[in-house]
Amino acid sequence: MGKPAHGGNLVWASALAGCPPSAILDFSASISPLGPPDSVLTAIQSQLCNLRHYPDPEYSDLRIALSHFHQLPCEWIMPGNGSAELLSLVGRELAEFATTVLMTPAFGDYYRALSAHNAKVLEFPLISDESKVSRAELIQSAELIQSAELKVLSAELLNELITQHDSLSTTHSILNTQHSILSTTHSARLTQHDSLLLNNPHNPTGMLFSRETLKSCLDKFALVVIDEAFMDFLPPHEQQSLVSAVQDYPNLVILRSLTKFYSIPGLRLGYVIAHPDRLRRYRAWRDPWSVNTLALAAGVAALDDTEFQANTWKWLPNARRQLFEGLSQISGLKPLPSVANFLLVESKYSCVELQQRLLKNYQILIRDCLSFPQLEDRFFRVAVRTELDNKRLLTALNVLI
Ligand SMILES: Cc1ncc(COP(=O)(O)O)c(C=O)c1O
């Protein structure tokens, strides 16, 4: 079996570790360790008898729940079979623009969704020796952010990357259908015909772009897609979501996931928020029943579970601090400050080797970063888990390193 491109591949990991998949302690997929909530499991149970019927093709109950949750009319919301399904629809539209700008390292599935439609990609490195914003500067600014009350990446970084694009040396990539990247380095000049695809918080670095920074992008790009898959891990007063701006910007598309925060990646559930005309177009491109009956009920219950949400916001800051500090104390490891439920860690040691030894000796799975060409074997990513699980990882690392 080849190396997985995504985290959470327990079948692959268990074959290496020589144990059943259920015995693996998974730090590789950034999924909340607190869920699924009981409310969600109960809702799923209650719908088993309805499996003999087709799901409501309008997904009305879930759209109404999402409409209350986000204070938006239902027509602006379309559920999907995980945000990954919706990303495929977005990829089809992005391919209509001259180029799509990606901030790299970028989530690997963006390349899949764009290459499927032969989209042209312009890569702007967030971490690069050649970039104007050097790695050292980036880490320094991230450290400043960590110490600040509101951990928002200042507008400077993205503005520097976007507004000074004329003089920036970037990699211009043309994706072909085999998913390989044909790259040439050259000076890029963005036009009004370009689009932007960015996740906020950013995976895998864990940075947060401020709402103001992203709003400035809305004037520069013909289409801006913000993937907010991890936004709900921030408490409401720290979130920098653009959902409240969507009715003011017809060129804005927001992707959201319910699989990470509510711990239901096996069920598949996400949604897209955008202008109703755009959603009608996306709908015409896909299957009539992408979201199943169980997922629809789970989504309604999850959005209503304010106790689970509050528990998550209480758990994450302490557990993340514990993991961050524990990793920082291991010589040769340097975690990057993160607002999300995962940490990107720079390592002096081969991360692939570390991954294998953790699996074979401790049945612990971490995410290597080989699928991010800019990071390669120098970085790994770990999810923040319960304090007990985090301690298991730290103890194992302290023995191995
Ligand atoms: C940034 C980002 N967006 C989207 C997704 C896909 O999430 P979903 O489970 O909703 O398809 C992932 C999954 O890892 C992700 O990391």
Side-chain angles (χ1 to χ4, degrees), residues 4-10 26-33 35-36 40 59 62 66 77-91 94 100 102-114 116 126 196-209 214 224-234 239-243 253-273 282 286-287 290-292 294-296 298-299 302-303 338-344 365-372 375 379-384:
H6 295 285
N9 193 326
L10 298 185
D26 185 15
F27 281 85
S28 72
S30 304
I31 302 295
S32 167
V40 165
Y59 312 131
L62 180 57
L66 286 166
I77 303 166
M78 186 172 90
N81 190 33
S83 58
E85 188 220 352
L86 302 165
L87 181 62
S88 300
L89 305 177
V90 163
L94 286 170
T100 298
L102 293 181
M103 311 298 273
T104 63
F107 176 46
D109 223 33
Y110 294 165
Y111 295 99
R112 175 198 59 80
L114 293 164
L126 279 171
L196 172 69
L197 171 57
L198 178 67
N199 44 25
N200 195 35
H202 183 260
N203 175 14
T205 61
M207 294 175 198
L208 185 67
F209 296 102
L214 297 178
V224 173
V225 180
I226 307 292
D227 174 359
E228 297 187 351
F230 294 97
M231 188 62 82
D232 38 16
F233 282 97
L234 280 86
Q239 293 187 9
Q240 298 293 311
S241 171
L242 280 193
V243 170
V253 174
I254 299 171
L255 294 172
R256 303 275 300 210
S257 172
L258 291 170
T259 67
K260 292 144 196 326
F261 188 86
Y262 297 101
S263 196
I264 46 171
L267 194 60
R268 317 298 305 124
L269 189 59
Y271 52 101
V272 55
I273 299 178
Y282 288 177
R286 70 170 186 166
D287 296 348
S290 325
V291 189
N292 67 72
L294 305 183
L296 291 171
L303 294 167
S338 162
V339 300
N341 61 325
F342 52 82
L343 296 173
L344 182 65
L365 175 60
I366 59 171
R367 171 74 154 86
D368 68 63
C369 288
L370 297 184
S371 63
F372 300 101
L375 302 181
F379 288 83
F380 64 88
R381 196 192 64 198
V382 282
V384 179

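Indexing begins at 1, ligand by ligand and atom by atom, following the structure's order. Everything numeric here is computed off the predicted structure, so don't read it as measured data. Numbers for residues simply follow the sequence, beginning at 1.
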Quiz item: Under the 3.5 angstrom rule, does the side chain of Ser263 hit a backbone N or O of Ser32 as a donor-acceptor pair?
Solution: yes
Practice problem: Can you run down the salt bridge (Lys or Arg N to Asp or Glu O under 4.0 Å) pairs that involve residues 256-265, sequence neighbours left out, and say none if there aren't any? | Solution: Glu228-Arg256
Practice problem: Could you pull out every protein residue that has a heavy atom closer than 4.0 Å to ligand 1, ordered by chain and then number? | Solution: Gly82, Ser83, Ala84, Phe107, Asn199, Asn203, Asp227, Ala229, Phe230, Ser257, Thr259, Lys260, Arg268
Quiz item: When you check the side-chain N and O atoms of Arg381 and Asn203, is any donor under 3.5 Å from an acceptor?
Solution: yes
Quiz item: Step by step, would you call Asp26 with Ile31 a side chain to side chain contact (heavy atoms under 4.5 Å, CB included)?
Solution: CA-CA 9 Å; Asp26 185 15; Ile31 302 295; over 6 Å; no
Exercise. Examine distances only and state if a side-chain atom of Tyr110 and a backbone atom of Leu197 form a donor-acceptor pair shorter than 3.5 Å.
Key: no
Self-check item: Ring-ring centroid check Tyr59 Tyr271, cutoff 6.0 Å
Solution: no
